[in-house]
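Heads up: numbering here begins at 1 and tracks the sequence. Just so it is clear, the model here is predicted, and its values are computed rather than measured.
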Amino acid sequence: MDVNSLMMILVVVFAGFLIYSNFRRQKRQFQALQDMIASLKPGDEVMTRGGLYGKIVSVDAEAQKAKLEIAQGTVITINPHSIAQAITAAEDSAEGAGASEETSSDVSETKE
């Protein structure tokens, strides 16, 4: 075997590995999204792929419909697959804690 044949084999093996790992990553992401959609229940706060934030009012898995309250008294019907992520209370409290720390440090700097 000469060097060119060996290089060609290495390139093909490397390309195969990249393609395989990409498919595995996409499959894991898709499965995680499906699990999140299946676990949705009324009261969960979510963000749609279009950027709307709201609270789940009801979910009908058979009809593939979910009612989302985006403002008090404003309920829209969406397909559950259009939900990009569930917003958890832990994420909200972490964001709030970070904002309060920044505010307190800003206040202490202005006093000096």
Side-chain angles (χ1 to χ4, degrees):
M1 250 205 230
D2 63 344
V3 176
N4 289 335
S5 298
L6 185 59
M7 287 298 282
M8 184 60 93
I9 290 172
L10 286 175
V11 167
V12 169
V13 168
F14 185 69
F17 174 74
L18 287 178
I19 292 170
Y20 173 75
S21 63
N22 190 28
F23 282 135
R24 292 282 300 157
R25 181 179 52 85
Q26 286 180 347
K27 186 176 181 180
R28 275 184 265 143
Q29 286 176 342
F30 181 74
Q31 188 61 45
L33 183 62
Q34 292 293 64
D35 293 343
M36 184 268 307
I37 290 170
S39 69
L40 290 175
K41 60 189 180 303
D44 289 347
E45 291 188 20
V46 297
M47 182 184 78
T48 66
R49 292 181 189 196
L52 291 175
Y53 287 85
K55 194 174 284 190
I56 298 287
V57 175
S58 67
V59 178
D60 184 2
E62 292 177 11
Q64 292 190 354
K65 292 182 180 180
K67 293 194 183 262
L68 184 68
E69 183 177 31
I70 56 175
Q72 189 171 3
T74 306
V75 178
I76 59 173
T77 302
I78 61 170
N79 185 314
H81 293 283
S82 68
I83 295 173
Q85 69 184 43
I87 309 298
T88 62
E91 290 176 357
D92 292 340
S93 63
E95 289 175 4
S100 64
E101 290 174 4
E102 291 173 8
T103 307
S104 63
S105 64
D106 291 342
V107 171
S108 62
E109 290 175 6
T110 56
K111 289 181 180 178
E112 295 174 2

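- Legend: residues meeting side chain to side chain contact (heavy atoms under 4.5 Å, CB included) with I76, ordered by chain and number and at least two apart, are L52, L68, I70, I78.
- Rounding to the nearest 0.5 Å places CG of L40 at 5.5 Å from CE of M36.
- H81 NE2 to I83 CD1: the interatomic distance, rounded to the nearest 0.5 Å, is 9.5 Å.
- Counting heavy atoms from C-beta on, the side chains of N22 and R25 come closer than 4.5 Å.
- Taken to the nearest 0.5 Å, the CG atom of L10 stands 6.5 Å off from the CE atom of M7.
- Here the closest non-hydrogen pair linking K55 and G43 is CG-O, 3.6 Å.
- The distance from atom CD1 of I56 to atom NZ of K67, rounded to the nearest 0.5 Å, is 12.0 Å.
- What you find for P42 and V57 is that their closest heavy atoms are CB-O, 3.3 Å.
- Separating the CD atom in Q85 from the CD1 atom in I37 is a distance of 12.0 Å, to the nearest 0.5 Å.
- Between V13 and F17, the closest side-chain pair of non-hydrogen atoms is not below 4.5 Å.
- Considering Q26, Q34, R28 as possible partners of F30, the one that fulfils the side chain to side chain contact (heavy atoms under 4.5 Å, CB included) test is Q34.
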